[in-house]
Amino acid sequence: MKFTYPAVFRQDNAGRFHAFFPDLEGCVAEGDTFEEAFEKAKEAEETWIQVELEDTWELPPITHIEDLNQEKGDIIRQIAVRIKLVDDYDS
């Protein structure tokens with residue numbers, strides 16, 4: 001199944017990028033470049049969703065990008081991950 005949540009990327013004074021998902025509490029990532037932070041954010045999102053599905057089978061609603069509170073310089077990207085919900089069993 002495909003899940004897509006918005007991520008907010010902010011660059012700090014040292015040039016590193018920090019990412020967080022407003023809808024996924026505690027789901028964060030960072031990297032020396034935007035590309036690195038994006039890849040780590042994608043991994044963090046996938047892990048966060050997998051854990052939540054294993055625990056509760058409930059995910060938070062997805063906030064529309066235009067409804068996010070943005071700071072100057074924020075980069076917002078929709079990040080999609082595919083998660084297999086049922087294992088294939090070989091006979």
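Numbers here simply count residues along the sequence, with the first being 1.
- Every residue meeting the side-chain contact (heavy atoms from CB on, under 4.5 Å) condition with Asp74, not counting sequence neighbours, appears here in chain and number order: Val8, Arg10, Gln70, Glu71.
- Contact record, Pro6 with Gln78: N-OE1, 3.3 Å, taken as the closest heavy-atom pair.
- Note that the CD1 atom of Ile49 and the CE atom of Met1 stand 11.0 Å from one another [nearest 0.5 Å].
- Under the side chain to side chain donor-acceptor pair (under 3.5 Å) criterion, Glu36 pairs with Lys40, sequence neighbours left out.
- The side chain to side chain donor-acceptor pair (under 3.5 Å) search around Thr63 returns Asp23, not counting sequence neighbours.
- Here Lys2 pairs with Thr4, Ala80, Arg82 under the side-chain contact (heavy atoms from CB on, under 4.5 Å) rule; sequence neighbours left out.
- When all heavy atoms of Ala37 and Ala29 are compared, the closest pair comes out as O-CB, 4.2 Å.
- Summarising the local packing, CG of Asn69 is surrounded by 12 or fewer heavy atoms from other residues, nucleotides or ligands at distances under 6.0 Å.
- Partners of Glu39 under the side-chain contact (heavy atoms from CB on, under 4.5 Å) rule, at least two apart in sequence or in another chain, do not exist in this structure.
- Pairs engaging residues 15-34 under the ring pair (Phe, Tyr, Trp, His ring centres under 6.0 Å) rule: Phe9-Phe34, Phe17-Phe34 [sequence neighbours left out].
- Judged as a salt bridge (charged side-chain N to carboxylate O under 4.0 Å, His left out), and not counting sequence neighbours, Glu46 has no contacts.
- Under the ring pair (Phe, Tyr, Trp, His ring centres under 6.0 Å) criterion, no residue pair touches residues 37-83, with sequence neighbours excluded.
- Arg77 meets the salt bridge (charged side-chain N to carboxylate O under 4.0 Å, His left out) test with no other residue; sequence neighbours excluded.
- Hydrophobic clustering, with ILVMFWY side chains joined whenever heavy atoms are under 4.5 angstrom apart, groups Ile62 together with Leu59.
- The cluster map of Ile, Leu, Val, Met, Phe, Trp and Tyr, joined by side-chain heavy atoms under 4.5 Å apart, puts Ile83 and Ile79 in the same cluster.
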